[in-house]
Every structure is written in C-alpha cells, then in structure tokens.
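One structure below.
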Amino acid sequence: MVVGFIGFGEAASSIALGLHKEGIERIVCCDVMQNDERFKAAMDNRVDACRGKMLENTVEVCRKSDVVISAVPSNYAVTAAEQALDGMKEGQPFMDVSTATPIEKKKNQWDGESEGRIVR
C-alpha cells in the first residue's frame, strides 16, 4: 500500500512516521514549502525519518498513492482537495485531517462525489 500526504508539516510527518513504524513502507508526499530554503532541511529530515519520497506536486502524490491524506492549514483545505481531483482514481480514499470547518469539508465531499473520485 502507498500512502500519500498532501502537506508534510509536523502533523502529517508525525502520522507518516507512526504509519511507517506500524509497517507501511511506501509513503509519498508533497508540500508547498518543500523547495523553500527556510524549511528544506527540516522537511528532508521528516521525509527521511519515515523513509518516504517527496514528489513534485499534489497530482503526482494522488496518482502514486492508494490512500491520500491531506494535512494542510485549514484555509487551504478546499484548494488542496480541488487540486487533488486531477490525480485521484475512482474510489480512492481521500482523508482531510486539517482543522477545516464542517462546511468546508462538506464542500470537499460534494465536489469529489460529483467527479466520482473521492469517497467519504
């Protein structure tokens, strides 16, 4: 199984590390800050800790994953889900673990259902 992360800050990397310790060996991720020199070393350390692989963008993460976990700041949750649609496969689980409001999360569910690619 390949678990993909959209956003790879402290929360996502902690989840990824826990999954890795439980036996998930294939983790892929991307983060909008991954090429920012201020965060690159910390991000690389997080990826290395779970033996993951940093990919170029959200679409690539979705295409190479069996399950996608979005862990972005709440004000970017809807945008991240919309960007994910281009890479999602039919029936592929998409989990939003952000602190987005229930109204925002319902919008993600509705948009994905209309595309037939995101499940509850």
Side-chain angles (χ1 to χ4, degrees):
M1 171 184 285
V2 180
V3 178
F5 286 88
I6 300 170
F8 210 66
E10 290 182 32
S13 61
S14 293
I15 294 168
L17 185 58
L19 290 172
H20 175 69
K21 287 179 179 178
E22 292 297 321
I24 300 295
E25 295 182 9
R26 297 181 64 205
I27 294 171
V28 296
C29 57
C30 70
D31 191 287
V32 296
M33 304 304 284
Q34 69 193 40
N35 295 317
D36 186 314
E37 289 303 319
R38 298 172 296 168
F39 304 103
K40 188 162 180 31
M43 191 99 34
D44 289 346
N45 288 339
R46 291 175 185 153
V47 173
D48 290 346
C50 67
R51 293 194 172 87
K53 181 177 181 182
M54 186 68 74
L55 302 179
E56 287 298 314
N57 56 54
T58 298
V59 171
E60 189 178 3
V61 166
C62 294
R63 287 184 179 152
K64 295 191 177 191
S65 301
D66 298 308
V67 175
V68 178
I69 300 172
S70 180
V72 299
S74 61
N75 53 324
Y76 297 107
V78 172
T79 301
E82 289 170 347
Q83 290 173 349
L85 284 175
D86 287 335
M88 297 292 292
K89 300 171 275 260
E90 187 171 340
Q92 182 178 21
F94 180 93
M95 293 171 266
D96 179 348
V97 297
S98 72
T99 58
T101 67
I103 291 170
E104 291 168 319
K105 289 188 181 195
K106 287 236 184 241
K107 181 183 185 321
N108 289 349
Q109 177 185 349
W110 178 257
D111 288 347
E113 285 178 344
S114 68
E115 294 287 328
R117 292 182 271 183
I118 295 181
V119 297
R120 290 175 239 218

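Computed from a predicted structure; not experimentally measured.
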* Check against side-chain contact (heavy atoms from CB on, under 4.5 Å), V32 and Y76 -> CA-CA 11 Å; V32 296; Y76 297 107; over 6 Å; no
* Asked: Nearest heavy-atom pair of V61 and G4: which atoms, and what distance?
  -> CG1-CA, 3.7 Å
* To do: May I ask you to check whether over 12 heavy atoms, not counting those of F39, lie within 6.0 Å of atom CZ?
  => yes
* Would you say I24 and E22 make side-chain contact, with heavy atoms under 4.5 Å? -> no
* To do: Determine whether I15 and V67 fall in the same hydrophobic cluster, where Ile, Leu, Val, Met, Phe, Trp and Tyr are linked whenever their side-chain heavy atoms lie under 4.5 Å apart.
  => yes
* Output, in order, the C-alpha distance, side-chain angles, deciding distance and verdict of side-chain contact (heavy atoms from CB on, under 4.5 Å) for S70 and T58. => CA-CA 10 Å; S70 180; T58 298; over 6 Å; no
* Asked: For the hydrophobic clusters of this structure (ILVMFWY residues joined by side-chain heavy atoms under 4.5 Å, transitively), does one cluster hold both V2 and L55?
  -> yes
* Of the non-hydrogen atoms in A12 and A71, which two are nearest, and what is the gap between them? -> CB-CB, 3.7 Å
* Between atom CD1 of I27 and atom CZ of R51, what is the distance when rounded to the nearest 0.5 Å? -> 10.5 Å
* Of the non-hydrogen atoms in P93 and D66, which two are nearest, and what is the gap between them? -> CD-O, 3.5 Å
* Looking at S98 and V72, what are the two nearest heavy atoms and their distance? -> CB-O, 3.1 Å
* To do: Compare all side-chain heavy atoms of Q34 with those of C29 and state whether any distance is below 4.5 angstrom.
  => no
* Verdict with reasoning, E60 to R63, per side-chain contact (heavy atoms from CB on, under 4.5 Å) -> CA-CA 5 Å; E60 189 178 3; R63 287 184 179 152; 5.7 Å; no
* Rounded to the nearest 0.5 Å, what's the gap from CG on D31 to CG on N57? Could you check? => 12.5 Å
* **Joint cluster assignment, V97 & F5, ILVMFWY side-chain distance < 4.5 Å** => yes
* Asked: Is it true that atom CE of M33 has more than 12 heavy atoms of other residues, nucleotides or ligands lying nearer than 6.0 Å?
  -> yes
* R46 side, atom CZ; S14 side, atom OG - distance, nearest 0.5 Å -> 8.0 Å
* Asked: Taking all non-hydrogen atoms of both residues, which atom of S13 and which atom of G9 are closest, and how far apart?
  -> OG-O, 2.7 Å
* Rounded to the nearest 0.5 Å, what's the gap from CG on D48 to CE on M54? Could you check? => 9.5 Å
* Side chains of R26 and K53: closer than 4.5 Å at any heavy-atom pair? -> no
* Structure fact -> Taken to the nearest 0.5 Å, the spacing of F8 CZ from D44 CG works out to 11.0 Å
* **Spacing of CE belonging to M43 relative to CZ belonging to R38, to within rounding of 0.5 Å** => 10.5 Å
* To do: Dump the intermediate steps for side-chain contact (heavy atoms from CB on, under 4.5 Å) on L19 and C50, then the final yes or no.
  => CA-CA 8 Å; L19 290 172; C50 67; over 6 Å; no
* Asked: Within a radius of less than 6.0 Å around CD of E25, do more than 12 heavy atoms belonging to other residues, nucleotides or ligands occur?
  -> no
